[in-house]
2 protein chains.
Amino acid sequence: MQYDPNSPIWLQVMTAIKTDIVTGRRPPGEKLPGGRELAVLYTINPNTAARVYQELEREGLCESRRGMGTYVTGDEERIAQVRGTMARQAAARFANEMEKLGIGRQEAARMILEEEKE
Amino acid sequence: MQYDPNSPIWLQVMTAIKTDIVTGRRPPGEKLPGGRELAVLYTINPNTAARVYQELEREGLCESRRGMGTYVTGDEERIAQVRGTMARQAAARFANEMEKLGIGRQEAARMILEEEKE
DNA sequence: CTTAGTGCACTATGCACATAGTACACTAAA
DNA sequence: TTTAGTGTACTATGTGCATAGTGCACTAAG
C-alpha cells in the first residue's frame with residue numbers, strides 16, 4: 001500500500017479497512033487479522049496497527065476481545081449508516097471544493113460522468 | 001480559519017491562497033500580504049507563513065522578491081493550468097472514493113446534483 | 001542617510017506520529 | 001498444564017510540524 005506523507009498512516013489504513021467493512025468485503029462478525037499480522041500486511045508498526053483497531057472500535061465498526069482478536073461488528077445497521085455517511089461526506093467535500101473553484105454542480109456532475117480513467 | 005488537525009496547516013493555508021489565485025480573487029501581479037502580515041491574517045506563525053509562500057513559489061503561482069514582497073505570478077496560462085489540474089484532481093479523487101464504496105458514476109453524479117446544503 | 005517593511009536564515013522548544021522493543025493478561029487449543 | 005496467539009500497556013528514539021524569537025540583507029520611501 002502507498003501512503004500519503006501528508007496524512008497519518010493509521011488514518012489511511014483505518015479508512016481502507018473501514019471501506020472493506022462497509023462494502024461487505026469484510027462481513028459482519030468476521031475475525032480481522034491480529035494486530036501483529038495487520039502490521040505485516042500493511043507494512044506498518046504493531047503499535048500503529050493497534051491504533052487502527054482502537055479508532056475503528058471507537059466508531060462502532062469492530063470489537064476487540066483480549067486474547068481472542070478483533071471482529072467486525074454484527075450491527076449491520078451501524079455499518080449501513082457509516083457507509084451512507086462516508087458517501088455523503090465525500091460528495092459534500094467534492095461539491096465544496098468545486099464551488100470554491102467557481103465550478104457549479106451541473107458542471108461538476110458532468111466532469112464525474114465524463115472523467116477519463118488513467 | 002478552521003484547521004484540520006490531520007493535515008499540515010501550511011498545506012491548508014496554501015490551498016486557500018491557491019484557490020484565491022486561480023479564481024481571480026487575487027489577480028496576476030497583485031502583491032500578496034507580507035509574511036508577518038499573513039501570519040496575523042491566518043493566525044499562524046511567521047515561519048509557517050514563509051513556508052506557504054515557498055510552496056506556492058515552487059508551484060509557479062507566485063514570486064518572492066527580497067525587500068519587496070511576494071506577488072501573484074503574471075503567467076496567466078500557468079494559473080489556468082493549475083485551476084484545471086485542481087478541478088480534475090478533485091473529480092478523480094471523488095470518483096475514486098465512490099468507486100471504493102461501490103457507488104457508480106451515475107449515482108455519484110446524481111448525489112452531487114441533489115445534495116443538500118447544510 | 002534613516003526608517004519601515006520585506007524575504008530569508010538561523011536556534012530552540014513542545015507535540016504528534018511512527019518506529020522498535022519489551023512485558024503482561026487473557027483465551028483457546030493441544 | 002503448556003503453548004501459541006491475542007489485546008494491551010509501557011519505555012525509548014527519530015522525524016516533521018508548529019510554535020517563539022532573533023538577526024541580517026535588501027528595497028523603497030521619507
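Computed from heavy atoms alone, side chains included, the values below leave out hydrogens, waters and symmetry copies. Small disclaimer: the values here were computed from a predicted structure and weren't measured. Below, chains carry the letters A, B, ... as their sequence lines are ordered, and counting in each starts from 1.
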(request) Determine, stepwise, if the pair Gln54(B) / Arg51(B) fulfils side-chain hydrogen bond (donor to acceptor under 3.5 Å, both in side chains). (result) CA-CA 5 Å; Gln54(B) 282 166 16; Arg51(B) 173 81 185 267; 5.1 Å; no

(request) Map Met68(A) and Ile9(A) onto DNA chain C by nearest heavy atom, then report which one ends up closer to the 5' terminus. (result) Ile9(A)

(request) May I ask you to say what Thr48(B) touches in the nucleic acid, namely base, sugar-phosphate or nothing, with a heavy-atom cut-off under 4.0 Å? (result) base

(request) Kindly give the heavy-atom pair with the smallest separation between Asn6(B) and Asp4(B), and that separation in Å. (result) N-OD1, 2.9 Å

(request) Could you work out which one of dC10(C), dT8(D), dT19(C) sits closest to the side chain of Asn47(A)? (result) dT19(C)

(message) Expressed as a whole number of angstroms, how long is the span from Trp10(A):CH2 to dT19(C):P?
(response) 14 Å

(request) Taking all heavy atoms of Gly60(A) and all of Thr73(A), pick out the closest pair and write down the distance. (result) O-CG2, 3.5 Å

(message) Taking 4.0 Å as the cut-off, does a side-chain nitrogen or oxygen of Thr70(A) come that near to OP1 or OP2 on dG7(D)?
(response) yes

(message) Could you tell me how far apart Gln54(A) (CD) and dC10(D) (C1') are, to the nearest whole angstrom?
(response) 13 Å

(message) What is the separation between atom CD on Glu63(A) and atom C1' on dT6(D), rounded to the nearest whole Å?
(response) 16 Å

(message) I'd like to know if Glu97(A) pairs up with Arg93(A) as an ion pair, taking the criterion as any Lys NZ or Arg NE/NH1/NH2 lying under 4.0 Å from an Asp or Glu carboxylate oxygen.
(response) no

(message) Rounded to whole Å, how long is the line connecting atom CD of Gln12(A) with atom P of dC17(C)?
(response) 13 Å

(message) Can you confirm whether Glu30(A) is buried at CD, in the sense that more than 12 heavy atoms of other residues, nucleotides or ligands lie under 6.0 Å from that atom?
(response) yes

(message) From C-beta outward on Glu37(B), which listed nucleotide comes closest to its side chain: dA18(D), dG7(D), dT6(C)?
(response) dT6(C)

(message) Counting only side-chain heavy atoms from C-beta out, which of dA20(D), dC17(C), dT6(D) sits nearest to Asn45(B)?
(response) dA20(D)

(request) Calculate the interatomic distance between Glu55(B) atom CD and dG16(D) atom P; express it in whole Å. (result) 14 Å

(message) Expressed as a whole number of angstroms, how long is the span from Ile44(B):CD1 to dA20(D):P?
(response) 11 Å

(request) In whole angstrom, give the distance that lies between atom OH of Tyr53(B) and atom C1' of dA9(C). (result) 19 Å

(request) Look at the side chain of Arg36(A) and the base of dG7(D), then say whether one donor and one acceptor between them are separated by less than 3.5 Å. (result) yes

(request) Establish, with yes or no, whether the OP1 or OP2 oxygen of dC17(D) is under 4.0 angstrom from a side-chain nitrogen or oxygen of Arg51(B). (result) yes

(request) Would you kindly give the CZ-to-P distance between Arg66(A) and dC26(C), to the nearest whole Å? (result) 6 Å

